[in-house]
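A short worksheet on the structure shown next.
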Amino acid sequence: MLELVPVDDDYLTQSGGSYLKEIRQLESILRPLWGILPAYKGSIDKLSTFDAIKKLKQCVEEERLPNISIENRQIAVEAGVIGYAIGQFGNNFLQLFSKKGRSYLIQWLNQLNRIEFPAGNWYFFLILINGALKENKLAYSEERLTFAKEAIESFYLGDGWYSDGANYQRDYYVAFAFHFYGMLYSRFTSDPHGEVYLQRAALFAKDFKHWFDPAGRSLPFGRSLTYRFAHISYWSALILSGAYHQTDMSIGEIKEIITRNIRFWQNQPISLPKEKNLSIGYGYNQLILSEDYNAPASPMWAFKAFVLLELQPDDPFWLVDEEKLSIADVRVQEHAGFHITQNENQTIALSNLQYSKNQKMFHQTEKYTKFAYSSYFGFNLSRDNQGIESFAIDSTLAFSIKGHDQYQTRQTNLASRVFSTYSWSRWIVWNEIIVESYLVPVNGDTHIRIHVVDTPYDIETFEGGYPLFDWNPKYDSPTVEQYRSCLENRFGYSLIQDLKENRCAGIVNQGPNTNVYSPEKNGIPILKSELSKGIHVFATLVSGGPKKSPVDDLKFSEMRNYYQIKIRGKIIKIIKEQSV
């Protein structure tokens, strides 16, 4: 935590953001507090040595906190940590300020009760702040507190899952927003609903633990990946709140998830050398990954993981050994629309439900609608839709009007279903090409995709496997047969094979800084074809990992009402949905 606290504010000029500079400045002051406050909660003297605390005190005492309005409501996000501080530490935090300063701070916080919030996890800021003020017998709004709690209920899906508003995104905000805030609130409130939040968080553990692989990596998936190890803040709060007692997990198993994830990130080039700040990006400094709301201080949302530093030195968490989690060969997560497969090398999520309704979100297609997300390979981001080498074709089926060389893939799902052995979605491109996709998990490395394409045009298609990073065509050679393409290098292998043998195999090279893990060039094995107008069926085998694990005894068949996959003596039937 100390290594990642910026040494000064110079880094705030590194990039821009969608909100005012004064709010970016406030963000730089408040986000480090998610780590600093729990680490030094009992020592005013030590807290006061941190630049962030000094600046906060100065802003409060001089009454210079930015005005809260609808236009400036990003402030609500940043103020959440003050709700945590007042709720959990009470006067130990408030005595940082003079009596006049405390009065001003409380008045400023209550400005949040006068504005409307985006429907979703933001309502928890009203709960944290009003709940903390209420418990400390300070001015608050009971009306807004009640409203926010009722609104949160409308997003609960069951089984520990929330929807962040009226959408089809089931991403890390379920963990590091809804459950994280709910568990923190439960610790300082007398509200019986706090226990409800604990119970839901405990339910979520059974699914969320499978989003992490044995190497400590979490699935690169969805928005706000620049928050990196904020993914484990859920587990930190699960320990702090005691909610882990309601799960089937031991402290040692949770400790393994937390510490392995931290060790993974300690070995990645994610901080910039001069000011020590966390860069915008995922595996490295990569602005192409950013959202419009990511300013230079935004990545310190990762500091939410450091609430674990509240624990006393003799707490059992620090003393127990890490315990290895069991591997789930296939796990169906209906609320996420995932089939999760795992082995010792990676976690893969086959995804047929999720997409972003916010078409203004940068690279929302790559972040939500690829067919597979791997903790080992990550995914690529497009530089352009002109030219297939600029388009992130990995784990994607893309189309171009013949001769145009401009590509489009799945952005929204019109319908989706998840079954025990496969999932199905219907989607549309340009409001005219209709596609049905079936995703079938095979094992921890391998899955099968079946696509039914109905096109009114003559089109060109490309389908990609996993991106193999540091694969450079100047030095590496692929193994390309008529219907099968495989790339190999020191990082492993990536394979794609046409099971119906109606497309040709090849490779697409992708430039540096396109993969979320590696800034090096990468290659993607692909299948390509030209289609005349009409209905066409594709069947694809995709496999990849650090160690080659080919699937040789697989047979694909198409019957009148179903598809059949026979593998290692096992038969999987995929029932055809209604005709496109």
Side-chain angles (χ1 to χ4, degrees), residues 211-229 231 260-273 278-291 294 299 302 345-349 362-363 365-367 370-384 388-396 445 464-478 485-496 507-526 542-548:
W211 287 38
F212 296 80
D213 73 12
R217 297 169 297 223
S218 50
L219 274 173
F221 170 79
R223 63 192 156 139
S224 300
L225 286 176
T226 196
Y227 302 154
R228 296 181 176 101
F229 52 91
H231 295 172
R260 282 192 173 187
N261 188 259
I262 288 291
R263 287 196 292 267
F264 169 77
W265 286 114
Q266 282 181 312
N267 290 320
Q268 311 309 312
I270 59 174
S271 60
L272 298 177
L278 281 165
S279 65
I280 293 175
Y282 194 61
Y284 56 98
N285 180 27
Q286 185 192 28
L287 284 175
I288 194 174
L289 183 75
S290 67
E291 322 292 355
N294 290 156
N345 301 313
Q346 65 183 322
T347 290
I348 294 172
F362 298 156
H363 297 281
T365 299
E366 296 100 302
K367 293 169 182 174
K370 291 182 185 288
F371 299 124
Y373 291 89
S374 162
S375 66
Y376 185 74
F377 291 103
F379 62 86
N380 283 8
L381 298 158
S382 293
R383 292 294 189 90
D384 202 342
I388 194 63
E389 292 198 348
S390 296
F391 186 83
I393 191 61
D394 58 296
S395 299
T396 294
D445 297 313
Y466 295 117
L468 186 60
F469 32 81
D470 207 16
W471 198 93
N472 192 318
K474 294 180 180 179
Y475 312 106
D476 299 298
S477 298
S485 178
C486 184
L487 311 184
E488 295 181 75
N489 67 7
R490 63 192 177 95
F491 286 106
Y493 80 102
S494 178
L495 177 148
I496 194 167
I507 176 175
V508 167
N509 300 307
Q510 306 259 269
N513 305 310
T514 54
N515 185 266
V516 297
Y517 275 141
S518 170
E520 302 300 332
K521 290 171 67 70
N522 64 86
I524 301 170
I526 57 94
V542 175
S543 188
K547 298 176 182 178
K548 197 167 184 179

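For the atom pair CZ of Phe212 and CG of Leu219, the computed distance is 8.5 Å after rounding to the nearest 0.5 Å. Between the CZ atom in Arg490 and the CZ atom in Phe469 there is a gap of 9.5 Å [rounded to 0.5 Å]. The line from CD1 of Ile280 to OH of Tyr227 is 9.5 Å long, rounded to the nearest 0.5 Å. Between Asn294 atom CG and Leu287 atom CG the span is 9.5 Å, to the nearest 0.5 Å. For the atom pair CH2 (Trp265) and OG (Ser271), the distance works out to 12.0 Å, reported to the nearest 0.5 Å. To the nearest 0.5 Å, atoms OG (Ser395) and CD1 (Ile524) are separated by 8.0 Å.
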Please evaluate residues Tyr376 and Asp213 with respect to the criterion side chain to side chain contact (heavy atoms under 4.5 Å, CB included), reporting the C-alpha separation (whole Å), side-chain torsions for both, the decisive distance (0.1 Å), and the verdict. CA-CA 9 Å; Tyr376 185 74; Asp213 73 12; 5.6 Å; no
Give the intermediate values and the outcome of side chain to side chain contact (heavy atoms under 4.5 Å, CB included) for residues Phe362 and Leu289. CA-CA 8 Å; Phe362 298 156; Leu289 183 75; over 6 Å; no
With side chain to side chain contact (heavy atoms under 4.5 Å, CB included) as the test, would you mind laying out the steps for Thr347 and Trp211 before giving the verdict? CA-CA 7 Å; Thr347 290; Trp211 287 38; 5.8 Å; no
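Looking at heavy atoms from C-beta onward, Leu487 lies out of side-chain contact with Asp476 at the 4.5 angstrom threshold. Taking the side chain as every heavy atom from C-beta outward, Ser543 and Lys548 never approach each other to under 4.5 Å. Asn509 has its side chain within reach of Trp471: a pair of non-hydrogen atoms, C-beta onward, lies under 4.5 Å apart. Proximity of Asn513 to Pro519: side-chain heavy atoms (C-beta onward) are separated by under 4.5 Å at one or more points. At least one side-chain heavy atom of Asn261 sits under 4.5 Å from a side-chain heavy atom of Ser218.
In summary, the side chains of Asp445 and Gln346 do present a donor paired with an acceptor at a separation below 3.5 Å, with no hydrogens or angles considered. A donor atom on one side chain and an acceptor atom on the other are not found under 3.5 Å apart for Asp470 and Asn489.
In terms of heavy atoms, Thr396 sits closest to Phe391 at CG2-CE2, 4.4 Å. Here the closest non-hydrogen pair linking Asn515 and Phe377 is ND2-O, 3.1 Å. For the pair Arg223 and Lys367, the tightest heavy-atom approach, listed with the atom from each and the gap, is CA-CD, 4.2 Å. For the residue pair Arg217 and Phe264, the shortest heavy atom distance occurs at CG-CE1, 3.5 Å. When all heavy atoms of Tyr493 and Leu468 are compared, the pair lying nearest together is N-CD1, 4.2 Å. Taking all atoms of both residues into account, the shortest heavy-atom contact from Val508 to Ile388 is CG1-O, 3.7 Å.
Under a 3.5 Å cut-off, the side chain of Tyr373 and the backbone N or O of Lys370 do form a donor-acceptor pair. Ser382 places a side-chain N or O within 3.5 Å of a backbone atom of Ala392 that can act as its donor or acceptor partner. In terms of modelled atom types and a separation under 3.5 Å, the side chain of Gln510 and the main chain of Lys521 share no donor-acceptor contact. Using modelled atom types, no side-chain atom of Glu366 and backbone atom of Phe379 make a donor-acceptor pair closer than 3.5 Å. The closest donor-acceptor contact from the side chain of Asn285 to the backbone of Gly281 lies at 3.5 Å or more, if one exists at all.
Looking at Leu381, Asp394, Asn522 one by one, the single match for side-chain contact (heavy atoms from CB on, under 4.5 Å) with Thr514 turns out to be Asn522.
A tilted orientation is assigned to the rings of Tyr517 and Tyr282, their planes being inclined by 30° to 60°.
Residues meeting the side chain to side chain donor-acceptor pair (under 3.5 Å) test with Arg228, sequence neighbours left out: Ser279. Partners of Arg383 by salt bridge (charged side-chain N to carboxylate O under 4.0 Å, His left out), not counting sequence neighbours: none found.
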